[in-house]
Amino acid sequence: EVQLVESGGGLVQPGGSLRLSCEASGFTFSRYSMNWVRQAPGKGLEWVSKISTTSSPIYYADSVKGRFTISRDNSKNSLFLQMNSLRDEDTAVYFCAREDVYLDSGGYYYLKDYWGQGTQVTVSS
Amino acid sequence: EIVLTQSPGTLSLSPGERATLSCRASQRVSSNSLTWYQQKPGQAPRLLIYGASSRATGIPGRFSVSGSETDFTLSISRLEPEDFAVYYCQHYGNSRYTFGQGTKLEIK
């Protein structure tokens, strides 16, 4: 059974840092790109970052570029998100999600097929 | 950057009725770049349907999608109580994802 379990969330002051982790099990972690997606209170989903299987390339949403760093440790089946210079607007539930790539006659499909339950990050003074 | 606009914001229907949810893209997109997710309160999103109308594992046949270029529709033929949730469309392009703001499907 595929499982993704996030941890590391909490309350932090503006300008502070936090490191999120996502522990994967039930599949060969090194074969999948991984993503972070967040959801502010009462709001919709916002994609944050993506890391490929070998840690390169890496992509970020403009809203977090230069402040957040995604990384992974395939030997430990783990995904990370280092969040620096945190702002009030970074307050959200952060989900990690596995990306599956599927090819058929319609072309390539990039699907976030498994998600963790999320970890709450609150930025407040 | 592609912007996805979902409508309506909230849809109030009764079990057994048909639901039609819209997702409009600011530019032409290919159908294989568009994916739909379902999210229930307090839960993670769940992959629902992708491409021309490929359903994820365990998704019943009452869910389907249609449309092309800039206008796409998620249809639920006969609503079951477990279908009331928030639905998001999502685009993938240039290695980045964009979500619509969501449509809340609530029980009337």
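Below, chain A is the first sequence line, B the second, and so on; all start at residue 1.
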Measuring from atom [atom1] of [X] to atom [atom2] of [Y], what distance do you get when rounded to the nearest 0.5 angstrom?
X       : Y       : atom1 : atom2 : value
W47(A)  : R96(B)  : CH2   : CZ    : 5.5 Å
Y50(B)  : D100(A) : OH    : CG    : 8.5 Å
Y110(A) : S33(B)  : OH    : OG    : 11.5 Å
L45(A)  : Q90(B)  : CG    : CD    : 9.0 Å
Y37(B)  : L111(A) : OH    : CG    : 6.0 Å

Polar side-chain atom of N32(B) near backbone of Y109(A) as donor-acceptor pair, under 3.5 Å: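 Flag not set: sc N32(B) to bb Y109(A) has no pair under 3.5 Å.
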
Measure [X] against the heavy atoms of chain B and call it side chain, backbone, both or neither at under 4.5 Å.
X       : answer
Y102(A) : side chain
Q39(A)  : side chain
V37(A)  : side chain
F95(A)  : side chain
E99(A)  : side chain

Return the minimal non-hydrogen interatomic distance between [X] and [Y], and the atom names on each side.
X       : Y      : value
K43(A)  : Y88(B) : O-OH, 3.7 Å
K50(A)  : Y92(B) : NZ-OH, 2.7 Å
G116(A) : A44(B) : O-CB, 3.1 Å
Q117(A) : G42(B) : OE1-O, 4.1 Å

Does atom [atom1] of [X] have more than 12 heavy-atom neighbours from other groups under 6.0 Å away?
X      : atom1 : answer
K76(A) : NZ    : no
E1(B)  : CD    : no
D88(A) : CG    : yes
K65(A) : NZ    : yes

Partners passing side-chain hydrogen bond (donor to acceptor under 3.5 Å, both in side chains) against R19(A) (at least two apart in sequence or in another chain):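 side-chain hydrogen bond (donor to acceptor under 3.5 Å, both in side chains) check on R19(A) returns nothing, list empty.
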
Close side-chain approach of E46(A) and F99(B), heavy atoms under 4.5 Å: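 In short, these two side chains do not touch, never coming nearer than 4.5 Å.
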
Part of Y97(B) lying under 4.5 Å from any heavy atom of chain A: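 For Y97(B), the contact with chain A is made by backbone and side chain together.
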
T35(B) portion near chain A, given a 4.5 angstrom heavy-atom threshold: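 Just the side chain, heavy atoms under 4.5 Å.
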
